[in-house]
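The next block holds one structure in the form of structure tokens; read it before the comments.
Sequence lines set the chain letters: A, B, ... in the order given, protein chains first and strands last, and positions in each chain run from 1.
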There are 2 protein chains.
Amino acid sequence: MTTPVLDLAFAALSDPTRREIVQRLAKGASRVTDLAEPFDMSFNAVSKHVKVLERAGLVRRTRAGREHRIALDPEPIRRIAGWASHYERFWSDRLDKLEAFLKTNKRRD
Amino acid sequence: MTTPVLDLAFAALSDPTRREIVQRLAKGASRVTDLAEPFDMSFNAVSKHVKVLERAGLVRRTRAGREHRIALDPEPIRRIAGWASHYERFWSDRLDKLEAFLKTNKRRD
DNA sequence: CATATATTCAACCTACAGGTTGAATATAGC
DNA sequence: GCTATATTCAACCTGTAGGTTGAATATATG
């Protein structure tokens, strides 16, 4: 009944359609119609998926006339990354690679 | 129908009972009975949760007589962390902190 | 104003999730 | 061998997830 943040975020991201929507939104905000276009399912189904993402806080909606602009909110993904990071001591073998990745990425900024 | 790794892992982790099981297993492997003990639900319910975790690859089972030893397999969590890391450019404000954290952690090794 | 577009709302369907209880199975210990 | 323990299996129930279709709502546009 509490349905806290992680419950909703994990559940929302367990659907491949919704992960694909999130991925596309990472490249920029989008209307619901444009999000729905590439999928082989009804517009209404995609609209529902967007609502699930919204309820989970993964996405924010701003209305502009009849169009709804859907934008990614990265906070819940951050929370998930934070949750996963508690298991880092199980993946010490990957720490070096990650650190290296972060360093080279930093240089590029 | 494909039900790939991320689908199952995210779905499994969307349940707070299962996240608690994972958390406890991070401190060491456990029998199903011991996992079930603190929960306010039937043993069978917990047994089912363990099976969901197992099917998602988050947990491995080794039989020793009548007892089943359940141990964490960190690979799917790694996959989730990897998935989440693709959204790092949305959290550049946290990159410095993470990098610092990794560096100090490295020093401690 | 009339119509086309963008979107949600509502009802419905089927499948699965998470819980229960009651067996069945297999091993351990007296 | 008998009984207690550890566990799954199977059947069942209720609720929700993900999809559909059809209508309602609101805003653009000729």
Side-chain angles (χ1 to χ4, degrees), chain A residues 1-25 28-71 76, chain B residues 1-25 28-71 76:
Chain A
M1 258 276 127
T2 39
T3 55
V5 182
L6 280 182
D7 290 37
L8 291 171
F10 274 121
L13 293 171
S14 72
D15 184 283
T17 301
R18 287 192 292 259
R19 284 201 306 280
E20 191 175 329
I21 291 175
V22 164
Q23 196 176 323
R24 306 229 327 268
L25 288 175
S30 181
R31 300 184 308 154
V32 182
T33 300
D34 294 335
L35 285 174
E37 193 271 323
F39 289 110
D40 190 23
M41 70 180 69
S42 73
F43 172 86
N44 277 11
V46 176
S47 171
K48 269 191 176 184
H49 280 302
V50 170
K51 255 177 287 185
V52 171
L53 289 169
E54 190 180 16
R55 180 147 182 277
L58 283 154
V59 132
R60 284 175 36 188
R61 182 191 304 259
T62 52
R63 258 140 292 219
R66 64 185 165 182
E67 300 185 356
H68 295 203
R69 179 188 184 77
I70 310 296
Chain B
M1 253 259 140
T2 41
T3 54
V5 182
L6 281 182
D7 290 37
L8 291 171
F10 275 121
L13 294 171
S14 72
D15 185 283
T17 300
R18 287 193 290 258
R19 284 202 306 280
E20 193 174 327
I21 291 175
V22 164
Q23 196 176 322
R24 306 229 326 269
L25 287 176
S30 181
R31 299 184 309 153
V32 182
T33 300
D34 294 336
L35 285 174
E37 192 271 323
F39 290 111
D40 191 23
M41 70 181 68
S42 73
F43 171 84
N44 278 10
V46 176
S47 170
K48 268 191 174 185
H49 279 303
V50 170
K51 254 176 290 185
V52 172
L53 290 170
E54 190 181 15
R55 179 148 182 275
L58 283 154
V59 132
R60 284 177 34 190
R61 181 191 305 260
T62 52
R63 259 141 289 217
R66 63 184 167 185
E67 301 186 355
H68 294 204
R69 178 187 184 78
I70 310 296

Between [N] ([atom2]) and [X] ([atom1]): distance, integer Å:
{"X": "A/D15", "N": "D/dA17", "atom1": "CG", "atom2": "P", "answer": "11 Å"}
{"X": "B/K48", "N": "D/dT8", "atom1": "NZ", "atom2": "C1'", "answer": "12 Å"}
{"X": "A/L53", "N": "D/dG18", "atom1": "CG", "atom2": "C1'", "answer": "13 Å"}
{"X": "B/F10", "N": "C/dA17", "atom1": "CZ", "atom2": "P", "answer": "17 Å"}
{"X": "B/D7", "N": "C/dA17", "atom1": "CG", "atom2": "C1'", "answer": "15 Å"}

Subject >> Interface with DNA chain D, restricted to residues 34-44 of chain B and to heavy atoms under 4.0 Å >> reply: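 Contacts with DNA chain D under 4.0 Å: B/F43, B/N44.
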
Subject >> Atom pair OG1 (A/T17) and CG (A/L35), whose distance is rounded to the nearest 0.5 Å >> reply: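 Nearest 0.5 Å value for the OG1-CG distance: 12.0 Å.
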
Partners of [X] by salt bridge (Lys or Arg N to Asp or Glu O under 4.0 Å), sequence neighbours excluded?
{"X": "B/R61", "value": "B/E54"}
{"X": "B/R60", "value": "B/D73"}
{"X": "B/R19", "value": "A/D7"}

Original post:
Below 4.0 angstrom from OP1 or OP2 of C/dT27, is there any side-chain N or O of B/R63?
Top reply: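 No, B/R63 has no side-chain N/O under 4.0 Å of OP1/OP2 on C/dT27.
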
**OP:** Ignoring backbone atoms, test whether A/H68 places a side-chain nitrogen or oxygen under 4.0 Å from the OP1 or OP2 oxygen of C/dT8.
**Re:**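 For A/H68, the contact criterion (side-chain N or O under 4.0 Å from OP1 or OP2 of C/dT8) is met.
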
Original post:
Where the side chain of A/A45 is concerned, which of D/dG18, D/dC9, D/dT20 is the nearest nucleotide?
Top reply: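 The answer is D/dT20, which lies nearest to the side chain.
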
Original post:
To the side chain of B/S47, which of D/dG18, D/dT8, C/dG19 is closest?
Top reply: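 In terms of side-chain proximity for B/S47, the closest of D/dG18, D/dT8, C/dG19 is D/dT8.
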
For [X], check side-chain contact (heavy atoms from CB on, under 4.5 Å) against everything at least two apart and list the hits.
{"X": "A/A45", "answer": "A/M41, A/S42"}
{"X": "A/A11", "answer": "B/S14"}
{"X": "A/V22", "answer": "A/L13, A/L53, A/L72, A/I77, B/W83, B/Y87"}

Subject >> 5' precedence on DNA chain C between B/R18 and A/R31 (nearest-nucleotide basis) >> reply: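 So the residue in question is A/R31.
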
Original post:
What string of B, S and - do you get for nucleotides 24-30 of chain D, 5' to 3', if B is base contact, S is sugar-phosphate-only contact and - is no contact with any protein heavy atom under 4.0 Å?
Top reply: ---BS--

**OP:** Identify whether any heavy atom of A/K51 sits under 4.0 Å from a base atom; if not, whether one sits that close to sugar-phosphate; answer base, sugar-phosphate or nothing.
**Re:**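 Sugar-phosphate only.
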
**OP:** May I ask you to check whether A/H49 and A/R18 show a side-chain donor-acceptor distance below 3.5 Å?
**Re:**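 Yes.
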
Original post:
Could you give all pairs that pass the salt bridge (charged side-chain N to carboxylate O under 4.0 Å, His left out) test and reach residues 30-50 of chain B, with sequence neighbours left out?
Top reply: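 Salt bridge (charged side-chain N to carboxylate O under 4.0 Å, His left out) check on residues 30-50 of chain B returns B/R31-B/D34, B/R31-B/E67.
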
